[in-house]
Every structure is written in structure tokens, then in C-alpha cells.
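These values consider heavy atoms only, across backbone and side chains, with no hydrogens, waters or symmetry-generated copies. Letters go in sequence order (proteins before strands), and every chain restarts at 1. The structure displayed is predicted, hence computed values, not measured ones.
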Amino acid sequence: MTDPQLVLAERVQQALGAAFGPEHASEDPLIRPSQFADYQANVALSLAKRLRRAPREVAAEIAAHLDFPGTVEVSGPGFLNLTLSDEWIAGQAGDLLADERLGVPVSASKTVVVDYSAPNAAKEMHVGHLRTTVVGDALVRAHEYVGNKVVRQNHLGDWGTPFGMLVEHLLDIGETAAVAQLEAGEGNAFYQAARHKFDTDPDFNARARSRVVTLQAEEPETMRLWHMFMDATVRYFNKVYRLLGVTLTDDDIAGESMYRTALAQVCDDLQARGIAVISDGALCVFPPGFTGREGQPLPFMIRKSDGGYGYATTDLATIRYRVEELKADRIIYVIGVTQSLHLQMLFASARMAGWLPDNVEVEHVQIGSVLGSDGKMFKTRSGESVKLLDLLDEAVERAGQVLEDRGYDPALRTEIANKVGMGAVKYADLSVSHDSEYVFDFDRMLALTGNTGPYLQYATARIRSIFRTGGLAPADATGPITLGHPAERALALQLLGFGSTVDTVVSQSEPHRLCAYLFDLAQAFTAFYEVCPVLKAEDESTRRSRLALSAATLRVLLQGLEVLGIEVPDRM
RNA sequence: GCGCCCUUAGCUCAGCCGGAUAGAGCAUCGGACUUCUAAUCCGACGGUCGGGGGUUCGAAUCCCUCAGGGCGCGCCA
């Protein structure tokens with residue numbers, strides 16, 4: 001592990017043990033980035049009271065026992081300012097460059113089930129759905145990179161009463177026309193047309209209702225039509241996934257329909273064990289700690305009074321499957337924040353049932369709502385809808401415009417524009433913390449300046465350009481790295497933090513941490529680029545060192561962007 | 001009524017396991033291209049961290065309270 005923060009933590013702990021006895025050797029040294037040094041250790045301040053000694057005295061004691069590659073000084077009320085030696089930083093950066101994995105250990109081999117994307121085929125789909133897909137895919141990639149076994153679960157909304165209406169509408173407009181419309185991403189219009197007839201046409205309404213019955217009974221002709229509807233819809237989903245470079249495939253589909261035969265068993269099991277009880281004719285679980293309007297226990301309804309099942313039942317069956325069949329160690333739900341209460345009750349109910357053992361971690365990665373420019377929930381009512389494919393097309397088109405006078409041939413230009421446009425859209429979703437709300441804004445999303453995907457892509461293009469101009473390959477740049485200029489030092493130090501950043505993304509489910517890290521790295525590189533000539537360095541050893549720094553930066557940027565799921569063009 | 005989340009620079013957002021003078025991008029203003037891609041860089045401007053109280057040597061960060069906003073709360077998924 002090359003991360004300076006971990007190295008320093010270990011060394012300061014050793015000093016603590018040496019100075020104050022072994023009982024203090026496991027104290028958290030509170031290593032933090034510092035504006036006065038590379039890092040600072042704040043442990044002396046917190047420890048002073050317990051030791052009943054002056055903080056500065058404690059700090060001095062630690063400093064006296066501290067052995068690490070750098071210099072320490074006591075500062076202010078008792079901070080330890082830690083400055084690493086150039087030689088150590090250079091050595092670590094060299095190790096990172098030589099390391100296939102860039103200082104990211106293959107830490108764990110847990111089975112992680114990630115539930116993400118999950119578009120509903122029977123509901124409007126809008127730009128908000130991009131976010132769960134993009135964030136989920138980045139998390140999946142991060143887990144795989146650190147060695148976890150990932151099972152993607154695309155929990156499609158592909159079953160339930162709305163499908164009676166949708167199947168009837170499919171028949172009304174004809175199979176060929178329906179399939180064409182669905183494949184083209186007009187599912188929203190399809191749904192709305194069906195809905196309208198359902199609400200206003202008594203005859204259609206009756207047909208839709210009886211169609212639900214034949215669907216539930218899995219009558220062959222109805223199932224054929226349902227498959228036709230779903231297949232066309234999935235082809236559209238796949239089109240969006242491929243365009244975005246999302247790793248989901250048909251193998252990852254585990255929709256609601258998959259669990260339809262398990263629902264009765266879920267209810268029977270829970271009722272037989274007294275975990276679920278009849279309330280107002282419905283079968284409900286009352287997990288402790290959840291109260292409703294009048295302080296009454298809040299029900300988690302698993303069977304409606306009419307005998308039908310809701311998504312609570314399906315979700316319980318899903319947990320069972322993921323634990324028992326998929327052998328999950330950790331289950332991650334990348335789902336909108338509006339589902340928060342439902343998921344809390346789901347988890348609590350599953351724990352009650354014993355279907356979610358204590359050794360299986362479960363978490364809800366809350367995805368913030370997409371807001372319109374009015375600051376309210378972004379919803380596709382009348383007219384306001386932005387089609388997903390149109391949005392992506394526009395992103396690519398805008399990226400292409402910037403490339404106008406670069407002199408690339410059309411094919412190359414299209415390829416670059418695709419990667420830059422998609423990168424811009426995805427980075428916009430990833431760079432903000434996942435639980436914060438998101439004001440949908442074409443211009444900001446597609447802006448190609450600032451803390452954006454294109455900025456990071458551009459940094460890699462400039463590095464590649466150095467090697468191309470010099471007729472060199474990044475893989476041949478092996479150093480050794482030496483640090484003379486402050487910009488070289490800052491860049492090298494920044495490189496060392498990659499491993500712990502990826503670690504944080506995995507443990508905290510926060511891809512935006514990686515965005516922030518990569519942005520800092522790109523900035524550190526461009527600062528270096530401005531003041532440190534690489535190819536025309538003053539001497540050969542400096543040139544070799546700077547080439548090595550450039551190569552290391554390139555590899556970390558590329559690897560980081562790959563974890564985020566952002567493709568990178570060779571030139572821009 | 002109950003529960004969860006949010007309120008940080010003109011705008012969009014980081015920071016929130018308590019640490020020194022609260023950061024970044026955009027916007028605005030001023031600079032830098034005969035030099036490896038200027039989709040860049042450097043500098044300046046800009047904040048009672050929603051209000052109040054508390055804990056602490058120290059609070060944007062933890063606790064309480066108030067205000068404003070969002071979301072959810074039995075038969076839609």
C-alpha cells in the first residue's frame with residue numbers, strides 16, 4: 001500500500017506506543033491533509049486531556065519517538081505537521097508505476113449483489129433513470145476492480161396489473177407497430193396512450209382487466225404478447241445501455257416476473273410463523289420501530305385484501321433469492337431516495353423473517369431525485385419530457401461541434417464525440433454525491449469545461465500527445481522518478497492516493513469521491529504540464545523522470561475513468 | 001400529526017469519523033499561446049456555513065430547538 005496516510009498512521013501509532021505505553025498504540029492518530037505540511041496528526045490534542053498533560057508537550061513527545069521518512073514539527077496548540085521526504089514520495093511513485101494495479105490491493109473476495117437501473121416497463125421512463133444506472137454501474141466496476149465477485153441484478157418492472165392494459169394496447173395498434181414504437185424508445189407515449197384509453201374507454205378498461213387475469217394465469221397467447229412487449233422494451237433498454245457503455249446485459253435481468261411463483265410461499269411462510277398477520281383483510285408484517293399517522297404500527301403489506309401481491313412481497317422474495325441462491329455477503333440497492341422508507345421496512349421485515357442473516361450486509365444507496373428547473377421533482381407530464389436517446393444524441397452533437405476545426409476525419413471525429421458526449425453525461429451524474437438532489441440542466445450537464453468528464457479526458461489526451469510527439473510509448477517510461485520542482489512533487493504525492501480513494505468508493509458506495517480525486521489529479525498534472533517541460537526537459541534524467549510521472553498519471557486517470565465507466569479517446 | 005433528507009460564495013456543488021485562515025467549478029474582472037493539444041493555466045473578487053442555544057481547549061461537522069424547502073406515511077409498483 002502506497003498511501004501516505006496509512007503509512008503515517010502506522011508510524012505515529014508506533015510512536016504513541018513507544019512514548020506512552022502499548023495501551024496507546026492503537027489510538028487513532030487522526031492523520032489529515034494539512035495546509036501547512038503534507039499531512040498533520042491531531043492525536044496529541046485529543047490525547048492530552050486523558051494523559052493530563054499539556055497538548056504541546058504530548059505532541060513533542062510523539063515527535064521525539066516518531067520515525068518516518070520525512071520531517072515533523074510541533075505547531076500551534078499541538079498539531080504535528082508531517083512533511084514527507086522527496087525521496088520517499090519519488091520511490092513510492094516509482095513503485096506505483098511498476099505496479100500492475102497502481103497501488104490498489106485486491107482486498108476482498110466477497111459476493112456483492114448490486115441492484116441497479118431497474119427501469120419499469122409499465123411506467124414513464126425519464127432522465128432520472130440514468131442516474132441509478134450510471135451510479136450503479138460505477139459501483140459494480142469498483143467492486144470488481146478490488147476483487148469482489150459482483151452479481152448484477154436488473155430488477156425490471158415487468159409484471160403486474162398495468163401489463164393487462166399494455167398488452168391490450170399492443171393488440172389495438174398491431175404487433176408490428178407496437179414493437180417498432182417500443183424499440184424506438186417511445187415507451188412513454190405507448191404507456192400514456194394505453195392509460196388514456198384505460199381511463200376513458202369502458203370497453204378497453206374491461207378488456208384490460210380480463211387480460212390481467214389471463215396474464216396471471218399465464219395463458220399461452222397472453223404470455224406470447226407479454227414476451228413480445230418485454231422483448232421490444234428490453235431491446236430499447238439495451239440500446240441505451242450500449243450507448244452509455246453500461247455493463248448490464250440480458251444475463252443480469254432479474255425482473256419482478258421472475259419471482260411471481262415465489263410470492264404465495266413468502267406469504268404462507270410468514271403467516272405460518274406468525275410474522276405476518278391479517279389486518280383489515282390484508283396480510284401485513286409490522287416491523288418494530290415503524291409508526292404511522294396516529295402512532296399506529298406501520299404495516300408492510302405483503303398481500304392485499306383482494307389476494308393480490310404488491311412489490312413488498314416481490315422484494316422479500318428477491319432478498320431470499322439473493323441470500324440463499326446468490327450467496328450474497330453484501331446487497332446494495334441503488335434506488336431513489338423516495339423508496340427509503342419502503343427499503344427500511346423491507347430490510348427490517350427480512351431480518352425478522354430470518355431471510356437476511358446478520359452476516360449479510362444490506363444497504364440502500366439513495367439516489368437523489370432529479371429536479372426540473374423549477375426545483376420540483378422532474379416528471380414527465382405533458383410535453384415536458386426529454387427522451388433519453390435525444391438527450392444522449394444532443395450530448396454527442398455538442399461534443400462534435402467543439403471538434404469542428406481540429407481537422408479530424410469524420411469517422412474519428414464521431415468516435416471522439418461519442419466518448420466525450422457520453423462521458424460528460426455520466427460524469428455529471430457521478431461527480432455529485434449520490435444522495436443529493438440534482439437539478440436537471442442541459443447546459444451544465446453538457447458543458448465541456450470545469451469539473452467535467454471532458455476535462456479529465458482531455459488531460460489523458462495531452463499526456464498521450466507528449467508520448468506521440470516524442471515517438472515513445474508510456475509503457476517504456478519507467479523512471480526513475482526524481483522530484484525537483486514543487487509541481488512534480490505535488491503530482492507524485494497526489495498519485496499515491498489512488499488506492500485509498502478506490503477503497504473509499506467501495507466501502508462507502510460513493511463514486512463521487514473518485515471523481516474528486518481524479519479531478520485533483522488532472523489539475524495537479526496540468527499545473528505540472530504548464531511549468532515542467534517533459535520532452536524538452538533540461539537534462540536526460542529529468543526527462544526520464546517526467547516521462548515516468550506522465551505515464552503514471554495517464555495510467556491512474558485511465559484506470560480511474562474505467563472504474564467510473566467513462567471511455568477515453570486517444571486524442572481530442 | 002409522525003418519520004427521513006436538505007439549507008455552505010451570485011449560480012451548481014464538495015467538505016460533515018470535531019482541529020489551525022471553510023474549498024472547487026461556473027459566472028465576473030485582470031493576465032499568459034514563436035514552447036509537449038489554450039477543451040488549458042496563473043491571479044483577483046466573492047461566505048454571519050438558514051437562525052438560536054448547548055457539549056468541547058476547539059463546531060460547517062456532534063446534541064437540542066426554531067424557520068424554510070423536499071420526500072414518504074394500508075391495499076399503485
Side-chain angles (χ1 to χ4, degrees), chain A residues 28 30 32 34-36 40-43 45-46 48-49 54-55 75-79 81 120 122-123 157 159-162 256 279-284 289-296 298-312 314-315 336-342 344-345 366 368-369 371 375-377 399 402-403 406 420 428 431-433 435-439 441 443-444 447-452 454-455 457-459 461-470 512-513 515-516 519-520 522-523 526-527 529-537 546-547 550 571-572:
Chain A
D28 184 349
L30 301 172
R32 301 283 185 269
S34 174
Q35 48 193 320
F36 303 102
Q40 61 186 53
N42 300 332
V43 64
L45 290 160
S46 63
K49 177 164 289 179
S75 170
F79 299 108
N81 287 349
N120 195 325
K123 274 191 173 178
W159 198 248
T161 51
E256 292 172 352
S279 169
D280 291 343
L283 186 62
C284 303
F290 296 90
T291 53
R293 289 188 197 286
E294 310 297 326
Q296 303 152 329
L298 208 53
F300 191 64
M301 189 182 304
I302 59 175
R303 193 179 64 214
K304 297 185 283 185
S305 53
D306 68 1
Y309 304 108
Y311 73 150
T314 306
D315 283 346
V337 65
T338 57
Q339 301 294 321
S340 176
L341 183 59
H342 167 73
Q344 280 180 49
M345 295 185 75
Q366 305 191 343
S369 304
L371 307 180
K376 303 235 172 179
M377 286 277 279
V402 184
L403 295 164
R406 288 271 178 186
V420 172
S431 58
V432 180
S433 60
D435 57 344
S436 69
E437 289 179 333
Y438 174 146
V439 176
D441 180 342
D443 290 331
R444 188 158 38 79
L448 303 178
T449 56
N451 182 11
T452 64
Y455 177 82
Q457 292 169 323
Y458 182 57
R462 293 171 106 185
I463 297 173
R464 282 186 152 130
S465 178
I466 292 172
F467 286 97
R468 196 159 43 229
T469 305
H512 80 281
R513 303 265 179 194
C515 293
F519 180 60
D520 286 345
Q523 283 196 310
T526 43
Y529 183 88
E530 294 288 328
V531 295
C532 297
V534 177
L535 294 173
K536 293 173 187 164
R546 288 177 180 173
L547 282 168
S550 300
R571 57 182 79 195
M572 285 173 72

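Between A/Arg32 and B/rC17, a side-chain N or O to OP1/OP2 separation shorter than 4.0 Å is absent. Between B/rG58 and A/Lys49, no contact under 4.0 Å exists linking OP1 or OP2 to a side-chain N or O. Side-chain N/O atoms of A/Arg513 include one lying less than 4.0 angstrom from OP1 or OP2 on B/rG15. When the side-chain nitrogen and oxygen atoms of A/Tyr311 are compared with OP1 and OP2 of B/rA77, none of them lie within a distance under 4.0 Å. Of the side-chain N and O atoms in A/His342, none sit less than 4.0 angstrom from OP1 or OP2 of B/rC73.
Picking from B/rC75, B/rG74, B/rU40 the nucleotide with the shortest atom distance to the side chain of A/Glu530 gives B/rU40. Residue A/Pro299 places its side chain closer to B/rG74 than to any other of B/rG74, B/rU40, B/rC76. Each of B/rA77, B/rU21, B/rA39 was ranked by its minimum atom distance to the side chain of A/Phe36; first place goes to B/rU21.
The aromatic ring of A/Tyr455 does not stack onto the base of B/rA39, failing the criterion of a centre distance under 5.5 Å from the six-membered base ring together with planes under 30° apart.
Sequence order on RNA chain B of the closest nucleotides to A/Gln523 and A/Tyr458 puts A/Gln523 first from the 5' end.
Among the atoms of the strands shown, base atoms are found under 4.0 Å from some heavy atom of A/Asn81. Within 4.0 Å of A/Gln344, counting heavy atoms only, lies no atom of the nucleic acid at all. Residue contacts shown for A/Gly157 are absent, as no nucleic acid heavy atom lies under 4.0 Å away.
Rounded to whole Å, the distance from CD on A/Glu437 to C1' on B/rG68 is 14 Å. Separating the CD atom of A/Gln457 from the P atom of B/rA39 is a distance of 15 Å, rounded to the nearest angstrom.
On the C1' atoms, B/rU8 is 9 Å away from B/rG15, given to the nearest whole Å.
Across all strands shown, B/rC4 forms a Watson-Crick or G-U wobble pair with B/rG70, both key distances being under 3.5 Å.
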